[in-house]
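To start, the structure under review is shown below, and the notes come after it.
Below, read A as the first sequence line, B as the second, and so on, with proteins coming before strands; counting in each chain starts at 1.
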Amino acid sequence: MPEGPSIIIMREAATRFRGKTVREVDGNSKLDLQRMRGRKVVGVRSWGKHFLLEFRGFSLRAHLLLFGSWLIDAEKAATPRLSLRFDNGTLNLYACSLKYIEGALDEAYDWRGDVMAPEWDPKLARTKLKRQPEVLVCDALLHQDVFAGVGNIIKNEVLFRIRVHPASTVGALPPRLLGKMIKDARDYSFQFLEWKKQYVLRQHWLVHNKGQCPNCGGKLTRQHMGTRNRRTFFCVRCQPLYPPPA
DNA sequence: ATTCATGTTGTGAT
DNA sequence: TATCACAACATGAA
């Protein structure tokens with residue numbers, strides 16, 4: 001469940017532990033998990049794909065990567081990476097990456113970079129993008145320093161919605177389209193969140209994991225692209241390349 | 001049974 | 001020193 005909107009759902013579910021004291025700790029993480037025992041959760045926050053449990057003086061950062069999952073007041077066969085028991089319930093995290101962040105979260109994170117945060121700053125995103133004009137838009141959208149929370153599904157859907165070929169370069173996008181990409185990264189993330197909450201996300205995918213263009217009916221191109229070679233779905237007819245090929 | 005995917009970090013080579 | 005390709009990790013659906 002790892003893109004930004006899924007972490008919002010996780011955060012909302014775990015908010016009930018804010019103000020509660022950790023009574024019992026378990027898990028197979030190599031971290032010193034017992035550090036949290038007896039400590040009070042002073043905040044349940046998130047930044048992009050990072051889920052954050054804030055204690056006084058430090059925080060736990062959980063990243064679900066590709067296969068991570070969580071359960072509240074429930075268990076599954078696997079050993080939890082971390083299990084926290086509170087007076088009002090238990091939080092179990094599986095197959096995730098855990099890390100402690102020392103000091104204040106406001107020092108560690110720039111909330112303006114999280115596409116789903118109230119502090120999200122589209123102008124700042126534009127400034128960052130202008131510094132890397134040669135980067136492909138399919139990479140730019142996945143760059144967590146610019147679009148924290150955006151993942152591969154959101155990338156594919158946003159590029160189709162704004163009708164931009166994934167191999168376009170950031171610098172070649174007309175300013176209006178660049179602005180649209182930045183705006184849609186946020187807007188679509190919230191749309192994703194609503195659909196996910198209703199369990200209807202998949203059926204609303206326009207190109208991700210699809211074979212046919214919903215716009216022109218043509219065959220979608222499916223290709224591994226970008227520096228990380230991520231699955232990319234697009235329509236060569238409806239999503240023009242910038243700059244246009246010679 | 002095998003492949004692959006909503007992701008990131010660390011390693012060793014260049 | 002810096003960059004880069006690849007390995008590693010971990011789970012479940014198709």
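Pairing of C/dA10, defined by two Watson-Crick or G-U wobble distances under 3.5 Å, is not identified with any nucleotide. In this structure, B/dT14 and C/dA2 make a Watson-Crick or G-U wobble pair, each of the two defining distances being under 3.5 angstrom.
Note on A/His50: nothing from the nucleic acid sits closer than 4.0 angstrom, heavy atoms only. Counting any heavy atom pair closer than 4.0 Å across all strands shown, A/Arg228 reaches a base atom.
Between the CD atom of A/Glu134 and the C1' atom of C/dT3 there is a distance of 14 Å, given to the nearest Å. Following rounding to the nearest Å, A/Asn229 (CG) and C/dC6 (C1') show an atom-to-atom distance of 11 Å. One can place CG of A/Leu65 at 11 Å from P of B/dG10, the figure rounded to the nearest angstrom. The interatomic distance linking A/Ile7 (CD1) with B/dT8 (P) rounds to 10 Å, in whole Å. What separates CZ of A/Phe67 from P of B/dG7 is a distance of 11 Å, to the nearest Å. Taking atom CH2 of A/Trp47 as the reference point, atom P of B/dG7 lies 14 Å away to the nearest angstrom. Rounded to whole angstrom, the span from the CG atom of A/Leu141 across to the P atom of B/dT6 amounts to 15 Å. Between A/Arg61 atom CZ and B/dG7 atom P there is a gap of 15 Å when expressed in whole angstrom units.
Mapped onto DNA chain B by nearest heavy atom, A/Lys99 and A/Asn156 fall at different nucleotides, with A/Asn156 at the one closer to the 5' end.
In terms of phosphate contacts, A/Lys76 brings no side-chain nitrogen or oxygen within less than 4.0 Å of OP1 or OP2 of C/dT11. Here A/Arg202 does not reach the OP1 or OP2 of C/dA14: none of its side-chain N or O atoms lies under 4.0 Å away. Not one side-chain nitrogen or oxygen of A/Lys49 sits closer than 4.0 Å to the OP1 or OP2 atom of B/dT6. Taking side-chain N and O atoms only, A/His208 has a distance below 4.0 Å to OP1 or OP2 of B/dT6.
Among the nucleotides B/dT8, C/dA10, B/dT6, the one closest to any side-chain atom of A/Lys196 is B/dT6. When distances run from any side-chain atom of A/His224 to the nucleotides C/dT11, B/dG7, B/dA5, the shortest one goes to B/dA5. Proximity note for A/Leu66 (side chain, C-beta onward) versus B/dT8, B/dT6, C/dT11: the nearest is B/dT6.
Salt-bridge annotation for A/Asp106 and A/Arg45: present, with a side-chain N of the basic residue lying under 4.0 Å from a carboxylate O of the acidic one. Salt bridge present: A/Asp87 and A/Arg23 bring a charged side-chain N and a carboxylate O closer than 4.0 Å.
The closest side-chain heavy-atom distance from A/Cys235 to A/Gln212 is not below 4.5 Å. A/Ser168 places a side-chain heavy atom less than 4.5 Å from the side chain of A/Leu241.
With both ends at atom P, the span from C/dA10 to B/dT11 equals 15 Å, rounded to whole Å. To the nearest whole angstrom, the two P atoms, one in B/dT3 and one in C/dA7, are 15 Å apart.
Although no hydrogens or angles enter the test, the distance criterion places no donor-acceptor pair under 3.5 Å between the side chain of A/Gln239 and the main chain of A/Arg163.
Remark: the A/Asp110 side chain and the A/Trp47 side chain contain no N/O donor-acceptor pair separated by less than 3.5 Å.
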